[in-house]
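See below for the structure under consideration.
All values derive from a computational prediction rather than experimental measurement.
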Amino acid sequence: MADRKHALPVSRKEDFSAWYQAVTAGADLAENACVRGCMVIKPYGFAIWERMQAIMDAKFKELGHCNCYFPLLIPVDLFEREADHVAGFAKEMAIVTHHRLEQRDGKLIPASPLETPLAIRPTSELIIGESMSRWIKSYRDLPVLINQWCNVMRWEMRTRLFLRTSEFLWQEGHTAHETEEEARKEARTMHDVYYWFVHDILKISCIPGKKPDHDRFAGAVDTFSIEAMMQDGKALQAATSHYLGQNFARAMNIQFQGRDDKLHLAHTTSWGSTTRLIGGLIMVHSDDDGLNLPSEVAPYHVVIIPLLKGSDRDDDIVSFCHSIKRAIEKSARVFIDLKEAEAQNKKWDYVRKGVPLICEIGLRELEDQSVSIIKRASNLEKLRIPLNKFEEQIEDMLIEHDKILQQKNEEYFRENTRDDIKTYSELKELFETENKFVIAKWSGSQENVNLLDEIGITIRCIPRQQSNAKGKCILTNEDADMDVILAKSY
RNA sequence: CGGGAAGUAGCGCAGCCUGGUAGCGCACUUGCUUUGGGAGCAAGGGGCCGGAGGUUCAAAUCCUCUCUUCCCGACCA
């Protein structure tokens with residue numbers, strides 16, 4: 001099919017970055033807003049986010065978390081309480097300093113300065129901790145397990161739709177526990193939840209692991225992440241969970257009276273995942289025809305396009321489309337596109353939108369009660385089957401769709417992961433021409449970590465799954481037995 | 001925030017050097033034709049050329065400032 005015309009004007013191979021933008025625009029997911037660094041998430045893109053939310057939210061609740069909502073604005077002096085935390089976020093903080101506009105010479109000028117400037121939340125550990133400190137008196141009040149779905153703002157220098165925008169949507173879970181063990185278990189559990197979501201739901205091959213010390217969340221004791229490989233070989237951090245120790249409890253005075261009658265600081269965690277996951281989906285599963293969506297998060301599983309010719313059979317064709325919808329809607333989200341437009345153009349639009357199964361229904365299908373199907377994940381392979389078979393097979397077809405996406409990505413992941421790079425010079429040489437995931441040994445020493453900076457590589461994580469084999473550190477050549485993943489990252 | 005490029009109709013671009021009433025392709029509207037694979041012909045609609053200032057009789061075009069986007073760095077989910 002190499003000679004087939006593709007649905008996008010630019011391929012992954014030609015220009016990955018332009019391709020990414022073409023997929024995003026072609027699927028009508030989002031666009032740049034008139035505000036610097038911010039995006040407008042359009043209906044189809046937001047529908048994907050809503051699917052993600054629904055799935056994760058149900059899982060969080062199943063695990064005992066409750067949703068709530070905290071203010072967008074955080075008094076700046078709260079940040080003075082946690083030194084590492086401020087250090088991490090200060091540079092990208094947006095601050096509200098005034099509360100009033102006045103008109104001067106036809107221009108609006110901020111007028112009344114605030115006594116205490118307010119930060120637009122970059123994350124909510126502090127303001128949630130402030131509440132927790134009042135909620136928690138006794139060990140009987142623990143654990144506190146909460147989550148919020150909201151927006152946050154980080155003033156990034158360089159932005160890209162979904163991957164890095166000044167404002168983005170996310171969920172942030174915050175929990176407080178009686179013991180370190182319990183809090184560590186929570187951070188680990190949520191790390192598992194994210195792995196499940198990214199791997200099992202989004203069908204993205206990824207590595208769960210711990211961040212090296214120099215790359216932890218600002219104020220955390222341990223940070224865990226999910227590292228996924230994009231189709232240009234770069235790593236994308238897909239979700240993180242943190243064990244915060246007693247750092248935030250100390251800063252915000254989250255104390256409780258324990259079983260021993262004494263006062264103790266709580267152990268807290270936080271964990272988050274963002275609309276960046278959509279960027280990850282795009283860069284993992286899309287191809288030169290556009291987006292490709294795993295069924296769990298696809299707004300529509302099946303789109304039916306009637307082929308109408310302005311004849312007296314048109315009504316019959318449309319009713320047949322409704323029969324098809326009724327036959328399969330128990331097992332699939334179905335949309336009949338009745339918009340007056342060229343059927344061919346609609347077809348290519350839905351190809352770009354990554355709809356798993358696109359059905360074209362005209363006179364022929366009406367005559368013999370069959371369905372013509374284009375399988376998005378199988379290089380637009382076409383087949384025609386009787387409606388009753390379609391009804392029987394729809395679930396299997398979606399499972400097959402997901403399997404194809406998963407297998408393609410697994411294969412790519414496998415082919416682009418190297419475990420044979422043993423020395424820094426080999427590493428340097430490799431990354432001069434290619435982007436790969438490299439599994440190598442690291443001593444854990446901060447010494448020579450700057451060598452990685454020089455070649456634009458980072459230690460993505462210390463994978464949870466360790467080989468336990470002995471070897472030499474790729475940076476210092478000392479004996480080392482810890483495996484790490486090295487890669488370029490987004 | 002440093003280095004580079006670009007902003008002209010919804011999208012992609014030409015025009016700018018050498019100032020003189022704003023163009024092309026796609027998309028959109030209408031009509032006719034076509035019709036199982038991203039249609040053809042014809043007629044239309046849509047832009048004070050990113051914004052502000054300056055030079056000039058006259059600015060899309062020259063000058064200054066500014067905003068935004070894209071690419072390469074640094075920073076980050």
Side-chain angles (χ1 to χ4, degrees), chain A residues 4-10 15-18 20-22 25-26 28 31-39 87-93 105-107 122-123 151-172 194 198 211 215-218 223 225-228 235-242 270-280 289-290 305-311 314 317 340-352 358-367 370 372 374 380 382 384 453-456 458 460 488-490:
Chain A
R4 177 168 66 79
K5 192 173 160 187
H6 286 282
L8 295 181
V10 57
D15 184 340
F16 194 80
S17 180
Y20 175 81
Q21 289 168 74
D28 209 21
E31 62 190 18
N32 280 309
C34 60
V35 191
R36 195 207 86 107
C38 294
M39 65 176 164
F89 285 106
K91 280 172 293 181
E92 50 194 51
M93 204 93 82
D105 307 328
K107 293 211 165 149
T123 179
N151 56 346
V152 287
M153 179 157 275
R154 299 180 186 178
W155 210 262
E156 300 291 350
M157 289 298 127
R158 194 173 161 195
T159 60
R160 258 184 125 184
L161 289 178
F162 290 115
L163 295 176
R164 188 176 303 101
T165 45
S166 297
E167 180 189 18
F168 57 90
L169 304 183
W170 77 345
Q171 58 69 216
E172 49 178 328
Y194 288 138
V198 173
K211 284 288 184 186
D215 200 19
R216 283 179 314 211
F217 172 74
T223 287
S225 74
I226 306 293
E227 300 292 329
L236 186 77
Q237 181 172 316
T240 53
S241 54
H242 318 286
S270 67
W271 28 276
S273 61
T274 79
T275 36
R276 173 182 267 191
L277 286 171
I278 297 175
D289 290 314
I305 302 172
L307 301 176
L308 305 176
K309 304 186 179 194
S311 77
D314 282 3
I317 292 173
E340 194 186 313
E342 285 292 327
Q344 295 93 324
N345 293 331
K346 287 188 194 178
K347 174 189 117 177
W348 287 105
D349 282 346
Y350 290 113
V351 166
R352 277 185 288 264
I358 300 166
C359 299
E360 295 177 299
I361 305 301
L363 270 180
R364 290 183 206 161
E365 289 78 9
L366 176 65
E367 294 303 333
S370 68
S372 288
I374 296 167
L380 312 187
K382 288 182 176 185
R384 184 150 163 228
D453 297 341
E454 284 170 24
I455 53 174
T458 49
R460 299 315 303 155
K488 270 194 185 145
S489 76
Y490 273 95

To the nearest Å, give me how far apart [atom1] ([X]) and [atom2] ([N]) are.
| X | N | atom1 | atom2 | value |
| --- | --- | --- | --- | --- |
| Lys5(A) | G37(B) | NZ | P | 14 Å |
| Glu31(A) | C70(B) | CD | P | 13 Å |
| Ile374(A) | G38(B) | CD1 | C1' | 11 Å |
| Ile305(A) | G37(B) | CD1 | P | 14 Å |
| Asp15(A) | C71(B) | CG | P | 8 Å |
| Ile455(A) | C72(B) | CD1 | P | 18 Å |
| Lys347(A) | A39(B) | NZ | P | 11 Å |
| Trp170(A) | C76(B) | CH2 | P | 15 Å |

Every protein N/O lying under 3.5 Å from an N/O of nucleotides 31-36 of chain B:
from	atom 1	to	atom 2	distance (Å)
G36(B)	O2'	Arg364(A)	NH2	3.0
G36(B)	O6	Leu363(A)	N	2.8
G36(B)	O6	Arg364(A)	N	2.6
G36(B)	O6	Glu365(A)	OE1	3.3
G36(B)	N1	Glu365(A)	OE1	2.6
G36(B)	N1	Glu365(A)	OE2	3.2
G36(B)	N2	Glu365(A)	OE2	2.7

Review point. How do Asp289(A) and Phe89(A) order along RNA chain B: which one's closest nucleotide is nearer the 5' end?
Key: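 With Asp289(A) and Phe89(A) compared, the 5'-side residue is Asp289(A).
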Exercise for review: For Cys38(A) and for Met157(A), locate the closest nucleotide of RNA chain B by heavy-atom distance; then report the residue assigned to the nucleotide nearer the 5' terminus.
Suggested key: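 The answer here is Met157(A).
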Distance between [atom1] atoms of [N] and [M] (Å, rounded):
| N | M | atom1 | answer |
| --- | --- | --- | --- |
| G12(B) | G50(B) | P | 14 Å |
| A14(B) | A52(B) | C1' | 27 Å |
| A6(B) | C62(B) | P | 12 Å |
| G2(B) | A74(B) | P | 16 Å |
| A9(B) | G23(B) | P | 14 Å |
| C57(B) | C41(B) | C1' | 46 Å |
| U68(B) | A27(B) | P | 34 Å |
| C17(B) | U61(B) | C1' | 9 Å |

Applying a 4.0 Å non-hydrogen cut-off, can you work out what [X] is touching in the nucleic acid: base, sugar-phosphate, or nothing?
| X | result |
| --- | --- |
| Arg384(A) | nothing |
| Ala7(A) | base |
| Leu277(A) | nothing |
| Thr159(A) | sugar-phosphate |
| Glu156(A) | base |
| Ser311(A) | nothing |
| Gly280(A) | nothing |

Check your understanding: Can you name the salt bridge (charged side-chain N to carboxylate O under 4.0 Å, His left out) partners of Asp314(A), sequence neighbours left out?
Key ->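 Listed in chain order: nothing, the list is empty.
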Practice item. Please identify each residue that fulfils salt bridge (charged side-chain N to carboxylate O under 4.0 Å, His left out) with Glu227(A), with sequence neighbours left out. Key: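 Glu227(A) satisfies salt bridge (charged side-chain N to carboxylate O under 4.0 Å, His left out) with Lys211(A), Arg460(A) only.
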Measuring from the side chain of [X] (C-beta onward, heavy atoms only), which nucleotide among [options] has the closest atom?
| X | options | answer |
| --- | --- | --- |
| Arg158(A) | C75(B), A74(B), C70(B) | A74(B) |
| Ser17(A) | C76(B), C70(B), C71(B) | C71(B) |
| Arg36(A) | U69(B), C76(B), C70(B) | U69(B) |

Exercise for review: Any chance you could measure Met153(A), atom CE, to Thr123(A), atom OG1, to the nearest 0.5 Å?
Suggested key: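 Reported value, rounded in 0.5 Å steps: 14.5 Å.
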**Study point:** Value rounded to 0.5 Å, distance of CG in Leu277(A) from CG in Leu169(A)
**Key:**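 CG of Leu169(A) is found 11.5 Å from CG of Leu277(A).
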Review point. Can you find a side chain N or O atom of Arg160(A) that sits less than 4.0 Å from OP1 or OP2 on C76(B)?
Key: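 Checking Arg160(A) against C76(B): no side-chain N or O falls below 4.0 Å of OP1 or OP2.
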For residues [X] and [Y], determine if any side-chain heavy atom of one lies less than 4.5 Å from a side-chain heavy atom of the other.
| X | Y | answer |
| --- | --- | --- |
| Tyr350(A) | Ile374(A) | no |
| Glu167(A) | Val35(A) | no |
| Thr223(A) | Asp215(A) | no |

For [X], what residues pass the side-chain hydrogen bond (donor to acceptor under 3.5 Å, both in side chains) criterion, not counting sequence neighbours?
| X | result |
| --- | --- |
| Arg164(A) | none |
| Tyr194(A) | Gln171(A) |
| Ser270(A) | Glu125(A) |
| Asp28(A) | Lys42(A) |

Practice item. Please identify each residue that fulfils ring-ring contact (aromatic ring centres under 6.0 Å, His included) with Phe16(A), with sequence neighbours left out. Key: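 With sequence neighbours excluded, Phe16(A) shows a ring-ring contact (aromatic ring centres under 6.0 Å, His included) to Trp19(A), given in chain and number order.
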Check your understanding: Does Arg164(A) make a side-chain donor-acceptor contact with the base of C76(B), cut-off 3.5 Å?
Key ->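 Indeed there is one.
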Going by purine N1 to pyrimidine N3 plus the second Watson-Crick contact, or the G-U wobble pair, all under 3.5 Å, which nucleotide sits opposite [N]?
| N | answer |
| --- | --- |
| C1(B) | G73(B) |
| U56(B) | none |
| C32(B) | G40(B) |
| C65(B) | G51(B) |
| A27(B) | none |
| G45(B) | none |

**Study point:** Under the side-chain contact (heavy atoms from CB on, under 4.5 Å) test, residues paired with Ala33(A) that sit two or more places apart
**Key:**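 Residues passing side-chain contact (heavy atoms from CB on, under 4.5 Å) with Ala33(A): Cys38(A), Val40(A).
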Point to revise | Residues that Glu340(A) engages under side-chain contact (heavy atoms from CB on, under 4.5 Å), provided they are two or more places apart | key: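 In terms of side-chain contact (heavy atoms from CB on, under 4.5 Å), with neighbours along the sequence ignored, Glu340(A) is linked to no residue.
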Revision key, fill the gap. Counting primed atoms, P, OP1 and OP2 as sugar-phosphate and everything else as base, the B/S/- map of nucleotides 6-14 of chain B against protein heavy atoms under 4.0 Å is ---------
Point to revise | Arg352(A) with Asp349(A): basic N within carboxylate O range, under 4.0 Å | key: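 Looking at Arg352(A) and Asp349(A), the cut-off is met.
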Using a cutoff of under 3.5 Å, can you pull out all pairs of nitrogen or oxygen atoms linking the protein to nucleotides 41-51 of chain B, with atom names and distances?
none

